[in-house]
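Notes follow once the structure below has been shown.
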Amino acid sequence: MAQSVGIKDVARAAGVSVGTVSNVINRPEAVADETRSRVQSAIDRLGYVRSESARQLRAGSSRIMGLLVLDMGNPFFVDVARGAERAARAAGIGVMVCNSAQNPKEEAEYLSLFAEQRVRGVLLTPTDVSGANITAFRRHGIPFVLVDRVAERVDGCSVSVDDVAGGGLAARHLLDGGHTSIAYVSGPPELNQVRDRRTGVLNALAEAGLAPDTLRELPTERLDVAAGRDAGARLLGLADRPTAVFCANDLLALGVLQALYAAGVRVPDDMAIVGYDDIEFAAAAAVPLTSVRQPAVTLGAMAAELLLAETAERPAVPHEHRQVVLQPELVVRRSTLGSR
Ligand code: RIB
């Protein structure tokens, strides 16, 4: 566990008085910008935790665990939270759910909040792809489990789904339905999930003897219904329009479905659609959506169980970090049935 850092350590590191550090924390407006920045850098670098009582709490002993999701508006994360909360509750632990809203700055602020509160540990779907936020968080000596993401460096557990396999399931289903002109409505390309799904599609195209550039790519800034509607409009404007579209998640697919319906384009007759996650609304859509199902509730439950194992008071066996990878499955519905 990281040696706990005191306010005097921060003052010494920043070359200021303890009073100045206290002002930076409690009255930042009273401190000159340069001094405030220097003190804040020292706080982040040393992993200083404000509250004395929180500092005393041994990491891993709190009865609250943090869950930081990428997008609270996405039912996928609601299911992840449901699984985590049930598993934590069975061990008498509560879950504090926060939302990074795909914003690295907000992710950093919530990780600082969890550190201040000395939560038992944190379940996190990272939005900061640089890894800087997690690196800063590690200094607090609080365990974390990556959710929906494989931990590149093995200093934490992770639970994810094989998104390369998932992208391949979607593409092979469309290829088997006779489609060779396929579009991919992706999210932000820097997100691992989006990149892996695309890799799965390209692998399936290659197996079918199709070149990567036959895939018509429509990137989006966000992974929500509005971004799907926008992508649907761009899809409709493509010369030599594809006959099928795979979307990086169900919210995008529902937005594309809305745009196609508004334009009088029939699904699946004129355009087949495949989504990803298999959220509850996929089956309830006006044209029930074929989707690559992620076991979201299981994902959340397993992440919570890994964290509980890592922070157990008297573990039955010494903890070893694990990278658990679950498999997706294809759920076929009317949005691709009868594809040519
Ligand atoms: O957060 C964006 C997407 O990544 C979700 O829809 C889910 O698919 C996750 O893996």
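We count ligands from 1, going down the list as the structure has it; atoms in each ligand are counted the same way. Just so it is clear, the structure is predicted and the values come from calculations on it, not from any experiment.
- Screening T290, V287, D176, L330 for a side-chain contact (heavy atoms from CB on, under 4.5 Å) with T336, the sole residue that qualifies is T290.
- Electrostatic pairing of R222 and D230 does not count as a salt bridge here, judged by no charged N lying under 4.0 Å from a carboxylate O.
- Listed by atom number, the atoms of ligand 1 under 4.0 Å from Q193 heavy atoms are 4 (O), 10 (O).
- For ligand 1, the atoms lying closer than 4.0 Å to a non-hydrogen atom of F77 are 1 (O).
- Side-chain heavy atoms closer than 4.5 Å link hydrophobic residues (I, L, V, M, F, W, Y) into clusters, and following such links, even through other members, never connects V331 to V245.
- Both L326 and V80 belong to a single network of hydrophobic side chains, linked directly or stepwise wherever heavy atoms of I, L, V, M, F, W or Y lie under 4.5 Å apart.
- Counting only heavy atoms of the protein, atom 6 (O) of ligand 1 lies nearest to D277 OD2, 2.6 Å.
- L210 and L174 fall within the same hydrophobic cluster, where Ile, Leu, Val, Met, Phe, Trp and Tyr residues are linked whenever their side-chain heavy atoms come under 4.5 Å apart, directly or through other members.
- Residue contacts with ligand 1, taken as heavy atom pairs separated by less than 4.0 Å, involve N74 solely via side-chain atoms from C-beta onward.
- Using a non-hydrogen distance threshold of 4.0 Å, Q294 registers as a contact of ligand 1.
- Using a 4.0 Å cut-off to heavy atoms of L70, the atoms of ligand 1 that qualify are 1 (O).
- Contacts between R197 and ligand 1, counted as non-hydrogen atom pairs separated by less than 4.0 Å, involve the side chain only.
- Proximity of I93 to L308: side-chain heavy atoms (C-beta onward) are separated by under 4.5 Å at one or more points.
- In terms of protein heavy atoms, atom 2 (C) of ligand 1 is closest to L223 CD1, 3.3 Å.
- Counting only heavy atoms of the protein, atom 9 (C) of ligand 1 lies nearest to D148 OD2, 3.0 Å.
- Considering both main-chain and side-chain atoms, N249 comes within under 3.5 Å of ligand 1 through a nitrogen or oxygen pair.
- Judged by the 6.0 Å distance and 45° axis criteria, R197 is not positioned over the aromatic ring of F246.
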